[in-house]
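To find a chain, count down the sequence lines: A is the first, B the second, and so on, and within it residues start at 1.
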Amino acid sequence: MTVQQLFFGYFFVMILALSLVVITRRNLVHAVLWMLLMFVHIAGLYLFLNAEFFAVIQIIVYAGAILVMFLFVVMLLRLKEEQALPIFVRGLHGRLFVGLAILLVLVSMAAEATKGPMGQYSIDYIQRHSHLKVLGTVLFNDFVYPFLILGFILFVPMIGVVVLALKRRSHGPS
Amino acid sequence: MDFLIEVIINVIKVAVVFGVTLLHVAYATYFERKVIGRMQCRLGPSEVGPYGILQPFADMFKSLFKEDIIPARADKVVFFIAPMIVLAPTMTSLSVIPFSEGFIIADINVGILFILACASLSVYGIILAGWSSNSKYAFFGGIRSAAQVISYEIAMGISLASVFLMAGSVRLDDIVKAQYDYPFSMYAPHLFIGFVVFLIAAFAETNRTPFDLPEAETELVAGYLTEYSGFRYALFFLSEYVAMFIMSSIMTLCFLGGWTIPKFVTDILPFLGSVPGIFWFLMKVYFFIFLYYWVRATVPRYRFDQLMKIGWKVLIPLSLFNLLLVAFVKRFIL
């Protein structure tokens with residue numbers, strides 16, 4: 001077993017184990033903390049793939065912004081009663097089958113996965129120009145329209161939230 | 001064998017940087033009390049040692065021997081680890097700062113983004129400290145801090161993006177070298193809007209006056225620090241001063257040319273070129289640290305809604321405008 005495999009094995013096991021820990025915590029703030037640890041491990045996995053930029057972005061965006069929002073919501077909701085409820089809903093009903101069906105679809109997709117075409121961005125090319133430069137070129141030049149459309153999609157709900165918030169305020173505090 | 005030597009050299013470097021930084025923190029508190037004392041027509045600490053020079057050590061021993069109080073209904077584990085979550089990423093980000101030509105613990109390609117990542121991790125410590133104390137003052141402090149740091153991080157990131165655009169790199173070493181060829185050998189006059197936005201955001205990031213709402217004494221006792229005592233309180237204090245040092249270092253490296261001095265100065269006085277770079281670096285860093293104290297002694301605190309308005313309605317649009325301006329200039333004029 002090489003050092004690489006050892007590291008990969010560590011991250012693989014830890015990410016799976018930590019995600020299990022996250023969904024079994026009764027205290028949601030603790031769950032968020034375990035999730036933070038999982039995000040750090042995912043960043044480690046990116047580092048292991050020589051994608052330092054993605055590792056840092058993983059921490060800044062997911063751990064630094066999105067998870068803080070989660071923590072915000074969890075802390076402001078005061079979930080004292082919910083903590084006494086059982087964590088998992090009893091009985092299988094149809095849920096198990098939905099889960100299994102999704103798993104089946106994913107597995108069958110994974111079996112059909114093929115390696116994509118190489119394109120002009122080889123490892124050598126990326127090392128010559130920096131990682132960041134190549135990523136910027138791809139995102140802002142080659143795929144500029146998808147990028148702008150994505151930005152627009154994210155912009156629409158933001159306007160929606162502002163409209164909803166203003167509407168409630170004009171009817172007076174309730 | 002080579003590997004072993006490399007490890008030993010790195011361990012020594014880490015020890016030197018950490019030791020010097022801790023000593024810096026000790027005397028930064030002394031410096032702050034002296035500066036603010038003089039600004040308020042007082043003497044500041046003057047009892048322990050000549051001119052009160054041993055005061056930081058007296059403070060340190062006092063906080064070490066103080067009783068460590070844990071609130072009865074606090075979440076004990078989170079209460080214990082919160083100060084460490086604040087301190088560890090802050091100390092880690094010291095490792096990517098180039099103090100002088102070639103003196104850097106870890107020369108990584110994403111240098112400055114790594115510091116931003118560490119800063120966003122240390123927010124957790126503050127929020128969790130507020131939450132786990134089980135006190136409403138601490139909780140308000142933690143929530144305020146989270147809202148404030150997230151808001152100002154955006155303006156900070158965008159104003160730094162203009163620096164990356166000018167330098168064409170996110171390695172701090174490259175950024176300093178790219179600045180050297182510009183007139184004045186620094187970006188501050190060229191990226192003036194970005195510099196001012198970053199300066200204001202840096203005050204908010206480190207929870208200093210006029211943005212010290214998370215620990216506003218007059219309304220929140222001491223914010224998220226309310227329930228902490230003794231050594232744990234000292235850990236928060238330590239990380240606040242290290243964070244100030246790091247923010248000042250980023251401003252020095254990205255806007256004031258780091259360890260270099262302007263070319264026209266060395267043209268007139270060539271002997272200054274032989275002064276080690278770390279001297280200029282520390283001069284610039286301590287200028288910013290003095291500015292922190294100066295502002296603390298002279299500017300009153302903002303209200304929370306004013307703070308949010310400044311962040312979202314002034315700083316973020318300004319930094320976006322600056323980014324577009326720099327992109328335009330870089331593409332069509334330079």
*Which heavy atom of B:L121 sits nearest a heavy atom of A:L36, and at what distance?*
CD2-CD1, 3.7 Å
_Side chains of A:L71 and B:Y124, heavy atoms from C-beta outward: is any pair under 4.5 Å?_
yes
*Top residue by heavy-atom pair count (under 4.5 Å) with chain A, among B:V123, B:V77, B:I85, B:I127?*
B:I127
_Residues that B:F332 engages under ring-ring contact (aromatic ring centres under 6.0 Å, His included), provided they are two or more places apart_ = B:F328
_Proximal to chain B - members of residues 137-153 of chain A, heavy-atom separation under 4.5 Å_ = none
_Show the nearest heavy-atom pair for residues A:G64 and B:S120, with the distance to one decimal._
CA-CB, 3.6 Å
*asked:* Measuring only between side-chain heavy atoms, which start at C-beta, is B:L116 closer than 4.5 Å to A:V56?
replied: no
*Could you tell me which portion of B:L128 (side chain, backbone, both or neither) has an atom closer than 4.5 angstrom to a non-hydrogen atom of chain A?*
side chain
*asked:* Taking side chain to side chain donor-acceptor pair (under 3.5 Å) as the cut-off, I'd like each qualifying pair that reaches into residues 53-75 of chain A, sequence neighbours left out, listed once.
replied: none
*For A:L67, is it the side chain, the backbone, both or neither that has a heavy atom under 4.5 Å from a heavy atom of chain B?*
both
*A:M69 side chain near B:I150 side chain, heavy-atom distance below 4.5 Å*: yes
*Give a yes or no on this: more than 12 heavy atoms of other residues, nucleotides or ligands lie within 6.0 Å of atom CZ of A:F11.*
yes
*In terms of heavy-atom contacts, does NZ of B:K330 have more than 12 from other residues, nucleotides or ligands at under 6.0 Å?*
yes
*Using non-hydrogen atoms only, which part of B:A119 is less than 4.5 Å away from chain A: side chain, backbone, both, or neither?*
neither
*Counting heavy atoms not belonging to A:F7, are there more than 12 under 6.0 Å from its CZ?*
no
*Are B:V78 and A:H30 close enough that some pair of their side-chain heavy atoms sits under 4.5 Å apart?*
yes
_Checking B:E153 now: which residues fulfil side-chain hydrogen bond (donor to acceptor under 3.5 Å, both in side chains) with it, not counting sequence neighbours?_
none
*asked:* Can you tell me if A:Y46 has over 12 outside heavy atoms packed within less than 6.0 Å of its OH?
replied: no
